[in-house]
Amino acid sequence: MIICSCNAISDHDVRGAVESADIELCSTAQVYNCLGHLVYCGLCSRSVRRILQEPEAA
Ligand code: FES
C-alpha cells in the first residue's frame, strides 16, 4: 500500500529499507534518505514511524 503519495513509497519499501539498513533507522528522513527520496509534506511521517516501531520479525 502506498503510504507516501509525494514519493510513491509503499509500506513494503519502508520495511525493505529498515531490514536492509546497516544502522537502525529512527526517523522518516533517514528511511527516505536510504530510498533516495526526501520528505516533502510530511503527511506520511506517522505511518512511517508506526512501521519503525513494529517489532522485528524473529
Ligand atoms: S506524503 Fe510523504 S512526503 Fe508527502
Side-chain angles (χ1 to χ4, degrees):
M1 175 179 71
I2 295 293
I3 59 172
C4 175
S5 54
C6 293
N7 291 299
I9 292 174
S10 70
D11 57 328
H12 293 288
D13 295 328
V14 172
R15 289 190 179 91
V18 169
E19 289 171 8
S20 64
D22 293 333
I23 61 169
E24 184 176 356
L25 302 178
C26 302
S27 70
T28 303
Q30 282 182 312
V31 172
Y32 285 15
N33 186 46
C34 286
L35 294 170
H37 294 285
L38 297 171
V39 179
Y40 292 105
C41 72
L43 289 177
C44 52
S45 291
R46 181 177 292 178
S47 298
V48 174
R49 281 199 305 271
R50 193 175 311 123
I51 292 171
L52 292 176
Q53 293 168 355
E54 290 176 348
E56 289 184 35

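Atoms within each ligand, like the ligands themselves, are counted from 1 in listed order.
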Drop me the distance from Leu43's CG to Ile3's CD1, to the nearest 0.5 angstrom.
12.0 Å
Mind checking whether atom 4 (Fe) of ligand 1 has an N, O or S of Cys6 under 2.8 Å?
yes
Closest non-hydrogen protein atom to atom 3 (S) of ligand 1, residue and atom name please, with distance?
Tyr40 N, 3.2 Å
The reported gap from SG in Cys26 to CZ in Arg49 (rounded to nearest 0.5 angstrom) is 12.5 Å
Give the minimum heavy-atom separation between Asp13 and Leu35, together with the two atoms involved.
O-CD2, 3.9 Å
Test item: Arg46 and Arg50 side chains (from C-beta on) under 4.5 Å apart, heavy atoms
yes
Testing the basics here: between Cys34 and Leu25, what is the closest heavy-atom pair and its distance to 0.1 Å?
SG-CD2, 3.9 Å
Gly42 heavy atoms within 4.0 Å reach ligand 1 at atoms 3 (S), 4 (Fe)
Output yes if Cys41 passes the N/O/S-under-2.8 Å test against atom 2 (Fe) of ligand 1; output no otherwise.
no
Interfacing atoms of ligand 1 (cut-off 4.0 Å, heavy-atom, Cys4):
1 (S), 2 (Fe), 3 (S)
